[in-house]
Structures are given as C-alpha cells and as structure tokens.
Amino acid sequence: MFRPIDSDASFPSLEERILALWEKDNAFRESVSRRPAEKSFVFNDGPPFATGLPHYGHLLAGTIKDIVPRYWTMKGFRVERRFGWDCHGLPIENIIQDQLGLNTVRDIQNHGVGNFNEACRAGVLKYTQEWRRTVSRMGRWVDFDNEYKTMDLSFMESVWWVFKQCFDKGLIYQGYRIQPYSPALATSLSNFEVNQGYRMRQDPSITVSFPLEGSDEVLLVWTTTPWTLPSNLAIAIKEDLEYTLVSHQEKKYWIAESRRLSYFGENDPVLDKVMGKALLGRRYKPLFEYAPYMSERQYTLLAADFVSDSDGTGAVHIAPSFGEEDFQLGMKESLGLFDPLDAEGKFTHLVPEWTSVGAKDADKSIIHHLKSQNRIFKHETFEHSYPHCWRTDVPLLYRAQKNWFLALDKELTAVPEPVEGPAVTKTLKQWMIDSNQQIRWVPEHIRDGRFGKWLDGARDWNLSRNRFWGTCIPVWIAEDGDMICVGSREELEALSGIHVEDLHKHIVDEIVLKTSDKKTFNAKGKSYKRTPEVLDCWFESGSMPYAQNHYPFENREVFEASFPADFIAEGLDQTRGWFYTLTVLSAALFQKPAMKNVIVNGIILAEDGQKMSKRLRNYPDPNELINRVGADAVRLFMIDSAAVKGEELKFSEVGVKNIVRAVLLPLWNSLSLFTTYANADASKGQLTWKPGQDLVSQNELDRWILSDLQSLLSRVKVEMEAYRLYNVVPALVEFVDDLTNWYIRRSRRRFWKSENDQDKNGAYATLYRILVDFSKVLAPFLPFLSEEIYQILVREPVSATTVSVHHCDYPVFDPALFDETLNAKMALARQAVNLGRTLRAERNIKNRQPLKQLIVVVRGEEQRKWMVSFEDLIRDELNVKSVEVTLDESSFVKYKAKANFKTLGSRLGKNMKPVADKIAQLGHDDIQAILEGRPLDLGEVTLTAEDLQVVREVSPDLAVTATPELTVALDTVVDEALRLEMLARETISRIQNLRKEAGLAVTDTVSVLLKGSTPLLRQALEAHLTYISAEVLASSVRFDESGEGAVFCDMDVEGEQARIYVVA
RNA sequence: GGGUCUGUAGCUCAGUUGGUUAGAGCAUCGCUCUGAUAAGGCGGGGGUCGGAGGUUCAAGUCCUCCCAGGCCCA
C-alpha cells in the first residue's frame, strides 16, 4: 500500500532523488504556471557577480528567497522568479586585466577597448554553471533559463531609458569630486580598491612661511604634501581659535597659540594675541605664480571649521583640486580649481620648473626650491598609514575629477502614494525618505536606523566611472558643450543613421552625432561625441525592475502590474548598495518605493566567530556539507537563527546536525512508524480506512493533535505574513515535539493493538492527515523531505493529480478542528504527568514499579472534570493503579504568600515594601481565608485573593509537588502484588531487548524459556503470564531447566534472578 | 571619528506595556525509560543579565555615560 521506508535514512540521497523527480515532472515551472497570472506576488532577485563561487551568505539569502516565494505560491499566487547576473564593472575588468597582463588604462587602450570588452564578455559568466548547480542543490526554485544579465542589449537599453528619464528631469549634472587617483593606472579608484592598499610610508612634513601683505609679519603653514603647494589658492584659519604673533630671530610669526610652544621657545617674546576672526581676509604673498587669477579671495586668509590645532600651526594650505576639505572650501568661496597635473599625475607645462615630473616625485625638489627662497621654517619627516595603488603600489593622489552626478536636491512633482490627493512637490531626497517609510523592513530598525540615517545623509550620487566594460553614459557633447542624451537605440539611429546591436563602449564611442536641431535631428549641424565614461554598475542593478523586462520598450503591462515588487531579500551590506540604488531610481522615476517588503539577512561567520576565511579553513565547504547532511538541514539551520533578522550567525556544523536530530529524524521516523504499521494492518485486512478517505475520529488524542495543528497554522500564517521567518522554525520544532513525543507515544498502542476497531481506523486516519498537512506546512522550509512524505503518502497510493507537495494549497486554519479547551486540558494533563515523573525521580522509584495511587489536586471544578477525563492516560503514563482527582489539597500543602506586585504596586507606591514583607509573614489560615473570599485588612491596604501569589509549601516527608495549577501526590508504598507486577514488567523489557537483539520483526512470534528462576520471580511470571505473552508476542512462556535458545540474557532485579532464552 | 546593531548559563539564543525563584535548546553529570526514533523523560550543577550612574515602591527591560565586538561610512 505504502512504499516501505528505509529507517536508515540518507537525506542527501533522498534529496538527489527528489531533484530528479522535480526535473522529470517539470515541477518548478508547473508550480508557477498553475497559479493564475492575474494574481501575482512579485519577487525581485538582486543580481550577484558570477566572478566567484557562491558562499554561505548567498545560500542564506537564497534560502530566504526560496521560502517566501514557495509560501506565496502555495497561498495561490503566481510567483515568477528570474535569476539575474551582474556582468559589468571592476571585478571582471580586474580579472581580465590580470589574464591579459594589462596594468594601466593606457595598456587597455593600446590593447584595444573592443578586444578588452569582448574578453570581459567571454569571461564574466565563467562560474554560472557552478552557481546553478549549487543553488539548485539547495532546493531553491528559480528560473535560470530565463535569467537576465546586465550586459544584455535589452537590459542596457532600458538603463539608457532610465538615465534619460533622470536627465530630462534635470537630475543629471557634471561636476567635480575629490577622488583617490592612481597616477600609474591613470584612473580613479573605488573605495574597495583604496582600502586594499593602506601601507605605512614616510612623507615630508614641512612648515612654510607666508608673508602677509602690508606688514613685516609672516604666517606659518604646515603641510605634508609639498607637491600641492604650486596649486595653493588660499589659507584657512579658524575664527574662534587664538593666534599669537611671536618674535623669533628678528622676524614676526603668526601661529595658533596652542601650537606656539611646539615651534618656539618659552622665551621668544609674544607680540600680540588675537582671535582668528581678526586675521580673516588678509592677503599673503603666494609661493608660486602659476595659477591664473580666478577670484578676489585668491591668496587670502579664509575661515574654515575643519582647521584644528591638534598638530601643525593652526593654518591650513588650501589647494581646492587636491583635498576634500580644500575642495569644499573652494566651492564655498568660489576659488576655482587649479590642477596642473596630466593624466599620469605629472606636472604639465603650467608648472615649468617641474614639467613631466610626477607629483610625489617633485616633493624633494620643491622643498629644495623653497629652502633656497627662505620659505621653509621647519622640515621633518613623518611616518603614517597612506593608501597606495593596489595594483602598482604607487601612492595615491586625492584629486578633483570631473564626474557625472545625480542630484538629490532637485524638486519633483507627483501625486504621493498610497493616499490619493493633490500633486505635491518635494526634493528627490525627500521622495526617497518618504518612500522608505512605506517599506516593511525585517528587522524593523533598518528603516529608521541604518537605512533611514543613510538616506538622511545621502549626497549626490556619482554615476560615472572612467572604465570600459559597462553601460555607457548615453550623453553626446558638442564642441560648444551642448549635450544630447540618447534614451534608446531608435533615437541613436535617428540621430546618427547607425543601427546597433550592442551598446558597449567600443561600439557606441565610434558613433558621432551630427545635428543642428535636436528635435528634427537635422544632420547638418554640429558634431557631438560621446562622453567617455561608463555608468556605475550599481545604476544598472538599481534599474533592474525596469531593465529585466526591457521596459518601456516591451512588457509595459507586465511591468506596471509588478511595480513596486512585493518582496526582496539581501544582506545587510546592501543598505548602501542595491537597497539604496533601487530607492533612488524608483523615487526619481516614479516617486514610489521599489519594494514593499524587505528581509535583511546578517553576515555568516565561521564557528569561531571570525570571518569565514579560505586561508584559515575555519568552515566546511558548502557543497561538501550539503552532500553529507543534506540541504534541508542546512536550510532550516540558517533560517532558525537571528541571521534572518540582520544579526550575525556563527555557522556550526553541530547546529546543523541538531536540526537533523530535532526535526528531520523524528519526522522521518513518524513516517516510518505510520507506513510500517499501516502496511502490516492492511495486509492482514485489519484496516478499513484507506488513504485519502476522510474519517473524523472522536478520540481525544486525535482531536487534540488536529487542534494543535490548527494552532500551528494560525501561528505560521501570522509570522509568514509579517516576514518574520525566525519565528516560524521554533513553532515547527514544537509541533514535531508534540507529534512525536506525545501524540505518537501516547497512540502507539492504538496502532499496535491487533483488534480491528473504529479507534484504530481513527488513529490511522488522523496520523495520516497530520503527516500530509504538516508536510505542506513544512514544504517551503524543507522542500525535499516534505516532498518525499507527500510522494509516499499521497501521490503514490492515491495517484493524486497533484504531483508535488509544492503544487498544493497551503493548509489553512480550520475552526471546526480547533478546540482551545482541549488544548488547555491536554496541557494540564501533561503537566500532571510531568509532576508525577518528577516525584518518581525524586524518590528514586523507577517507572517499571507500579504504584497504587496518584492524587491530583486541581484548582477548579472545570479543571477537575478535565483531569478526570484523562485518568486513564495518566494512569498508564505514570504506571499507577488509580488516579484520584480532588479539589482539596489541605492535607498536602501549607500556603505561603507573596505580594502580587502588579496589582499592589500602583496602589501602594512607597508602602509596597513593608506590605510585601507583611504578606510574606502571613500564615496558612489567613491565606486560606483570603482565597475563600474573606478580604484581610492590613491597615495600608485590604488584601483580596488577586493581590496574592500563593506559594505551596510541601512537607519533605510526603511525595508531593505543586505548581500554581496543580498539586500532585504519589503513594509510594510497594506491596507484594505491585512488586510482582514490577518483576513481570522487568521480564518483558528483557525479552523485548532479546527480540531486538535477535533481529526479529515486530510482528514475529517467539517462544520464551526461563531457567533457574527464583521462586518470587516465578510467582510473578505465572501471575502475569497472559499479559507477558501478549506484550512480547510469545506463543509460549515455559519454565524449562534444560532447554536453550538462540539469544539469552541473565536477569537480576533486586535479587530475583533467571536466565531468559528467546526462540524465534 | 560618525552612524547602527549586538552584549543574558560553558555554547547558541528567548525574555511581553518595568512587577519579585531570569528561561529554553545544546553540552555536562546523575537517575530513568524504550518494539517508531541515531531517540525520549526527570533532576543536578552552572548567571556580578558587559560596566557605572540615574529615574521608580520596583530595572535584564526606561534614561545618561562608558567598555567590548560586528557591520556601514569617514
């Protein structure tokens, strides 16, 4: 009837089988297409770089990206899942540069940009097959065949459209920003590259004197970059810092007072002291005269807050082209820029003395020159950490570079969502901030914390990269600076007459636009050449919602119905990455958020709390681990952790194995129990119930487990709809525990009993239903094991038309099966059993020793009825002859009381403490009186029952224990009849062990021989012979001093001995 | 340096609007049970709740400062 289960489960090989089955059934595609197209749940997948192999971080995000879509699919939604690849940018360019031995930008140009780009195109998808294998092996259902790539023509064309939208709204401008620049590579570097290159180096530290005009005074200025001095345009001082005029060797020097003694002696006379404010605006004599005259304020003293007196002189040399603070001040004061360096960081003819000398290389010679002019006051060397080019090891320059920016302070007008209303005008940044408020973040604090704060402080986005392999900035510029932004291939063709099938740099840079009228595209006017930069590849991933659909060139309805997305999930590091760029672009284009729900996962650390490191080998290889313990276990381990709410996870293989032990094995064994007994009973014709047949059992255990399942269903629904995955797994684990350690354990005999009765059918029907429904609940989390259960229980025996558990509807809460009272009853019964076990353990009375009586004291009439209905269960579970349920506990406990601070605290205030002490002193009778409804006046307050927390004190002489809900007393006297029964049970246990040892099946019949029994043991066995025979399936139990059997053991229980043989 | 998150048992983590024995799982030790289970049950040991102040009748929980770690940004 059911496929026999191998109880030695190998989950990895089971998973491989399921993968093949899914492949054969085309199960993933089916799961999508069988749901209605008009009822969609939109998931957007962030594109990874395929330049490396997937690691645990990807597996975690991938699991989240699988569970949520699977859940909503089972809830009846169509959830398309397209994989995507990030193809452009530095990661692949660097790899190709290494492969081709190209160090510098010039090398690449000499090699040919076309050749270089084609090499990138050919190499970027190198690891996609490995990705596909690992992602699929993890059980993730995602569409690889229909994947999007950021280098696709359609994708790139949509990116152009996005850019042009921004351009037309006036968001795009060209401007300068200080960037780290590698003179050897002739390019600016990303932060990531800069961070790789910090090393200690020695630099000059010089103090230069600047004579102030109209006086015989000089100002001392400290700098560590002499090469920037030819570009000096101003000097910054601090308004509220005190400056001192010192006389030294017949000259007068201005210096910050707090720095005076670092430069001058105590005895050098102080001539004057003023606040910086008094010096502002004074002109000084420049060191060099290379810079053109650009501003009134050139070569004057300016105020700046960034000036500090922690080192130097309290006066800072300003070269706006060569430093972030210099640049900011230069902008504010309109100083202009003066950059006399060429692309390779060498001085141009603008600085004749050092033309063709590299900037840093010129330091020495510049110092020498200044010394000869008598302008160096002090010359030292100092050592500091400084960024170097990660490829060439040359020190980097901080240098103003012309870039393309997206302005965040530009105003946009739109009708805000979600409320309908009049159009409003806000800056782009404000639209971003407001749309962030509409996003549900998990964990919640990201919204106003990390992400919200980042938005508040966001600066204009630098969109351009002076690189090669990327989407080109689609702006063509004429000689006179006039610009044309091109938003499609069609436009490009109209403007140039050239039709292209590729939008990469080496193609479109060849295209020159000629027109005098941008509207008519009259080809007789100026000629426009494309600006050379490519786009930041984050612009492309941020354009993904539009570009994956080739919007607006195709799929207009598809896009409009699927924006904003319902759900995305990525790691915490994407706050500044994808989350941000999605938000910027959707606010720029549509003044909306790009997504409604986001799960942010934390980073995964190795078990030792350190970063996972290939070098340290402090973590197991993902593929190897999956093949050893299975993907289901790895998935559940990761989801059952704070990593699904942005916190870090220490990955431990022990943790994964715990999941196997706590969830997978018990579940598998439940299945095994069910199929084994169902098959056995079916073949004996003792089972009238058939799989698929609905049968409502009136048995209380059955009704309880079904009701318990309903609780689980409502709990899972609440958590899944709030995207709190981390709360789901604990609920699942609890249910597994309820199912295996209570329902099945308590129901065991019902399957085992050989009579064919209604109750047995009810038990099978119930367990079947539980296993089938629970497998559906588990399906998003454990896609493999749940599928196997479904195949065995439903598809194979019932030949269901629904071939996969993942095609089923997710089980919904059924109020008809939910019985809150029953759940409370069962909880109370379990508590009584637990207390009974505690008493046995305390008194060291083993469970096989039957006892006479258990007294259960409950706190109310309703509870008494509940408990009475469970008398049989408790008797059996605790091995007692009778259970008495009563409301009177006076003979077992004495009352003590503690104050209920919750009710008394607000009433009493400062009197709380003394009253609490008085309450602790109350005697048994007082408390009983209050409990019986007679309030006690303490003076400060009148106590009623609700003001007390009753504590039950138990005499150590009695086998009694108590909780607020129950008091339980155990009669521990063992008389001879009880002792005989214990011996019988001990014997049964020995025989069962021998059966196992002999490798017998549960249904095999045996005969039992006993040799050398002591008289009491013999008496015990004879008294309970029928019972023993039934328990161990013995056709005969004989006392035979001569016989022998295949397996035997010697038994000795408290001096009662025998040798037991079991014969098959 | 700034922002943010985290800090509770040996380990991994819960801990409601502040309310009085601070919990669970794992690990460990002892006992126990077992014909579905590689398991299960009961108990013991193990805590300056990162530290210091403050608010309050009452703080793991609220406030301030500090310390340590992670991430992001400088």
Side-chain angles (χ1 to χ4, degrees), chain A residues 5 7-9 191 324 443 445-446 448-454 456-457 459 571-577 580 600 602-603 605 607 609-611 637 640-642 645-650 652 654-655 657-658 660-662 664-677 726-727 730 733-734 737 740-742 744-745 747-748 751-752 833-849 877 879 898-916 920 949 951 985 988-989 991-996 1000-1004 1031-1033:
Chain A
I5 305 262
S7 57
D8 285 343
N191 262 328
E324 182 61 36
H445 59 72
I446 302 275
D448 295 318
R450 184 175 283 229
F451 194 66
K453 293 270 162 58
W454 171 252
D456 289 342
R459 299 200 301 168
L572 196 54
D573 50 333
Q574 295 300 323
T575 320
R576 271 73 172 169
Y580 179 66
V600 184
I603 55 163
L605 301 175
E607 195 163 4
Q610 304 212 290
K611 279 191 180 176
F637 168 73
D640 183 27
S641 77
K645 51 174 173 173
E647 292 172 31
E648 61 197 36
L649 164 64
K650 286 179 197 142
S652 94
V654 174
K657 286 182 173 157
N658 269 334
V660 175
R661 221 169 53 176
L664 302 190
L665 278 173
L667 202 56
W668 186 251
N669 290 321
S670 305
L671 179 71
S672 166
L673 166 109
F674 176 81
T675 56
T676 305
Y677 283 103
Y726 48 88
N727 279 341
V733 173
E734 269 173 50
D737 186 66
T740 61
N741 289 330
W742 193 247
I744 291 185
R745 200 161 62 80
S747 298
R748 206 161 49 197
F751 299 106
W752 180 232
V833 168
N834 274 342
L835 293 175
R837 286 182 186 143
T838 302
L839 289 176
R840 275 185 175 272
E842 267 177 12
R843 300 285 151 147
N844 214 355
I845 304 168
K846 56 192 171 186
N847 217 34
R848 272 194 288 261
Q849 175 62 62
E877 190 69 22
N879 196 16
K898 283 194 306 184
N900 181 352
F901 286 81
K902 233 172 191 165
T903 61
L904 290 171
S906 52
R907 271 150 62 196
L908 286 167
K910 281 195 198 301
N911 279 329
M912 186 65 235
K913 263 219 169 87
V915 171
Q949 290 183 334
V951 181
R985 283 182 169 242
I988 290 169
S989 165
I991 298 170
Q992 299 287 36
N993 282 335
L994 289 172
R995 285 181 58 108
K996 259 199 241 180
L1000 298 173
V1002 273
T1003 48
D1004 292 340
E1031 284 299 305
V1032 304
L1033 274 188

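Please read these numbers as outputs of a predicted model, since none were measured by experiment. To find a chain, count down the sequence lines: A is the first, B the second, and so on, and within it residues start at 1.
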Inset, instruction - Could you pick out which residue, A:Ile991 or A:Gly646, lies toward the 5' side of RNA chain B when each is mapped onto its nearest nucleotide? - result: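 Mapping each residue to its closest nucleotide by heavy atoms, the 5'-most match is A:Gly646.
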Legend entry - Contact nearer the 5' end of RNA chain B, comparing A:Leu673 with A:Arg576: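 Nearest nucleotide further toward 5': that of A:Leu673.
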Legend entry - Under-3.5 Å donor-acceptor pair between A:Arg450 side chain and B:rC5 base: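 Per atom types, no contact qualifies.
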Atom [atom1] of [X] to atom [atom2] of [N]: distance rounded to whole Å?
| X | N | atom1 | atom2 | result |
| --- | --- | --- | --- | --- |
| A:Asp737 | B:rG41 | CG | C1' | 11 Å |
| A:Asn658 | B:rG40 | CG | P | 10 Å |
| A:Ile845 | B:rG43 | CD1 | P | 16 Å |
| A:Lys913 | B:rU56 | NZ | C1' | 11 Å |
| A:Asn834 | B:rA24 | CG | P | 12 Å |

Is there a side-chain polar atom (N or O) of [X] under 4.0 Å from OP1 or OP2 of [N]?
| X | N | result |
| --- | --- | --- |
| A:Thr838 | B:rG43 | yes |
| A:Arg748 | B:rA36 | yes |
| A:Lys453 | B:rU4 | yes |

Legend entry - Chi angles and distances behind the side chain to side chain contact (heavy atoms under 4.5 Å, CB included) call for A:Ile744, A:Phe674: CA-CA 10 Å; A:Ile744 291 185; A:Phe674 176 81; over 6 Å; no
Legend entry - Exam field: side chain A:Ser670 to backbone A:Pro666, donor-acceptor pair closer than 3.5 Å: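 Yes.
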Inset, instruction - Could you tell me whether a side-chain N or O of A:Gln574 sits under 3.5 Å from a main-chain N or O of A:Tyr580, the two making a donor and an acceptor? - result: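 Such a contact is absent between A:Gln574 side chain and A:Tyr580 backbone.
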Which part of the nucleic acid, if any, lies within reach of [X] when heavy atoms closer than 4.0 Å are counted: base, sugar-phosphate only, or nothing?
| X | value |
| --- | --- |
| A:Arg661 | sugar-phosphate |
| A:Leu1033 | nothing |
| A:Phe674 | nothing |
| A:Ser641 | nothing |
| A:Thr903 | nothing |
| A:Asn993 | nothing |
| A:Thr575 | nothing |

Legend entry - Distance (rounded to the nearest 0.5 Å) between A:Thr740 OG1 and A:Arg745 CZ: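 The distance works out to 9.5 Å.
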Hunt down the Watson-Crick or G-U wobble partner of [N], both distances under 3.5 Å, from any strand shown, or write none.
| N | value |
| --- | --- |
| B:rC42 | B:rG30 |
| B:rC57 | B:rG19 |
| B:rG69 | B:rC5 |

Please give the distance between the [atom1] atoms of [N] and [M] as a whole number of Å.
| N | M | atom1 | answer |
| --- | --- | --- | --- |
| B:rC31 | B:rG19 | P | 40 Å |
| B:rU28 | B:rA39 | P | 11 Å |
| B:rG41 | B:rU37 | P | 16 Å |
| B:rU55 | B:rC29 | C1' | 44 Å |
| B:rU4 | B:rU16 | C1' | 25 Å |
| B:rA74 | B:rU6 | P | 24 Å |
| B:rA36 | B:rA59 | C1' | 49 Å |
| B:rG46 | B:rU8 | C1' | 14 Å |

Atom pairs under 3.5 Å, N or O on each side, protein against nucleotides 13-23 of chain B: can you list them with distances?
| from | atom 1 | to | atom 2 | distance (Å) |
| --- | --- | --- | --- | --- |
| B:rA14 | OP1 | A:Lys645 | NZ | 3.1 |
| B:rU17 | O4 | A:Lys902 | NZ | 3.1 |
| B:rU21 | OP1 | A:Lys898 | NZ | 2.1 |
| B:rU21 | OP2 | A:Lys898 | NZ | 2.2 |

Inset, instruction - Answer yes when A:Glu877 and A:Arg837 have at least one side-chain N-carboxylate O distance shorter than 4.0 Å, and no when they do not. - result: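 Looking at A:Arg837 together with A:Glu877, the answer is yes, because their closest N to O distance falls below 4.0 Å.
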Detail all sub-3.5 Å separations between protein N/O atoms and N/O atoms belonging to nucleotides 62-67 of chain B.
none

